[in-house]
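Beneath this line is the structure, given in structure tokens, with notes to follow.
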Amino acid sequence: MNRQSRDGDNRAHLFCPDGRAAHQDKIVMTRFEREIWGISGGDSISAMDRPIGRVRISICYDAEFPLIARAQAKAGAQIILAPSATDTMQGYWRVRIGAQARALENQCYVVQAPTVGRAPWLPALDENFGAAAIFGPRDGDAPDDGVFAIGVSNHPQWVFADIVLSDVDNWRNRGTVLPFRH
């Protein structure tokens, strides 16, 4: 059940090439969202098994909470999308560090997609900072730093990486270390 005070204010949508769509409500609100905007979070994790893989979404601050991503991974997530809107570099780094940690802990891909640039029409987030990235665990054929792709900070752009979904099962079953299992 979505308990938000305004419909969809903290909801991420996923649209697939085959026309299917799904959404995830943000679960944990920041102080600003809770205390100033009066928004409460959603209370469930949406299943999004799509042709592109088993996808789940951790919206912004949610990426900083290990138990949300763990529940998503236990529900089969191969890819966790982490869209965010951060109005400081500190906020961007909190979400980025969270996204990298979730990839490591759950031995899956995490795609960070922040808004960047100026949005003067939105006073609460009139400036947005960050860089899009694709992370994975530091294991096997993955890059040593777990960064499959990363953009340039504060520049709108697309980032691309070749990912292999079967690697998630390999990392989780035959990895050098097995944090998802342990």
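In this text the structure is predicted, and so the values were computed from the model without any measurement.
Distance check: Gln112 CD to Ser58 OG gives 11.5 Å after rounding to the nearest 0.5 Å. Interatomic distance, CH2 of Trp171 versus OG of Ser166, reported as 9.0 Å (0.5 Å rounding). Rounded to the nearest 0.5 angstrom, Arg172 CZ and Gln78 CD are separated by 7.5 Å. Going from atom SG of Cys60 over to atom CD1 of Ile27 covers 13.5 Å, rounded to the nearest 0.5 Å. Atom CE of Met48 sits about 7.5 Å away from atom CZ of Arg56, to the nearest 0.5 Å. Going from atom CG of Asp62 over to atom CE of Met29 covers 6.5 Å, rounded to the nearest 0.5 Å.
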Legend entry - Criterion side-chain contact (heavy atoms from CB on, under 4.5 Å) on Ile163 and Ile79, from CA distance to verdict: CA-CA 10 Å; Ile163 63 172; Ile79 304 168; 4.0 Å; yes
Inset, instruction - Decide side-chain contact (heavy atoms from CB on, under 4.5 Å) for Glu105 and Arg70; before the verdict, give the C-alpha distance in whole Å, the side-chain angles of both, and the deciding distance to 0.1 Å. - result: CA-CA 8 Å; Glu105 295 159 352; Arg70 178 52 57 124; 4.2 Å; yes
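Residues Ile68 and Val28 meet the side-chain proximity criterion, which asks for heavy atoms closer than 4.5 Å. Residues Ile57 and Ser46 fail the side-chain proximity criterion, which asks for heavy atoms closer than 4.5 Å. Inter-residue side-chain proximity for Asn10 and Glu33 is flagged as met; some heavy-atom pair is nearer than 4.5 Å. By the 4.5 Å heavy-atom criterion applied to side chains, Arg138 and Asp145 are not counted as neighbours. The side-chain heavy atoms of Val147 and Gln100, taken from C-beta on, include a pair separated by under 4.5 Å. Val152 places a side-chain heavy atom less than 4.5 Å from the side chain of Gln157. When side chains are defined from C-beta on, Leu81 does not count as touching Val110, because their heavy atoms never get closer than 4.5 Å. At least one side-chain heavy atom of Lys26 sits under 4.5 Å from a side-chain heavy atom of Thr30.
The aromatic rings of Phe15 and His13 lie parallel to each other, their planes meeting at an angle below 30°, with 60° marking the opposite boundary.
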All N/O donor-acceptor pairs, side-chain side in residues 175-182, below 3.5 Å, sequence neighbours left out:
{"unit_1": "Thr176", "atom_1": "OG1", "unit_2": "Asp139", "atom_2": "OD1", "d": "2.6"}
{"unit_1": "Arg181", "atom_1": "NH2", "unit_2": "Asn173", "atom_2": "O", "d": "3.3"}
{"unit_1": "His182", "atom_1": "ND1", "unit_2": "Leu178", "atom_2": "O", "d": "3.1"}

Just list the side-chain donor-acceptor pairs under 3.5 Å for residues 87-95, sequence neighbours left out, or say none.
{"unit_1": "Thr88", "atom_1": "OG1", "unit_2": "Gln90", "atom_2": "N", "d": "3.4"}
{"unit_1": "Thr88", "atom_1": "OG1", "unit_2": "Gly91", "atom_2": "N", "d": "2.9"}
{"unit_1": "Tyr92", "atom_1": "OH", "unit_2": "Arg96", "atom_2": "NH1", "d": "3.3"}

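For Asp18, the CG atom sits in a packed shell: over 12 heavy atoms of surrounding residues, nucleotides or ligands are nearer than 6.0 Å. Residue-environment remark: CZ (Arg118) exceeds the threshold of 12 foreign heavy atoms within 6.0 Å.
Without hydrogens or angle criteria, Asn128 side chain to Gly117 main chain gives a donor-acceptor distance under 3.5 Å. Remark: the backbone N or O of Ala63 is paired with a side-chain donor or acceptor of Arg102 at under 3.5 angstrom.
Remark: of the listed residues Tyr109, Phe160, Phe135, Tyr109 is the sole one forming a ring-ring contact (aromatic ring centres under 6.0 Å, His included) with Phe148.
One hydrophobic cluster, built from ILVMFWY side chains closer than 4.5 Å, cannot hold both Ile97 and Ile134; they sit in different ones. The hydrophobic clustering, which links ILVMFWY residues whose side-chain heavy atoms are closer than 4.5 Å, places Leu122 and Val116 apart.
A donor and an acceptor atom, one from each side chain of Asn170 and Arg174, are located under 3.5 Å apart.
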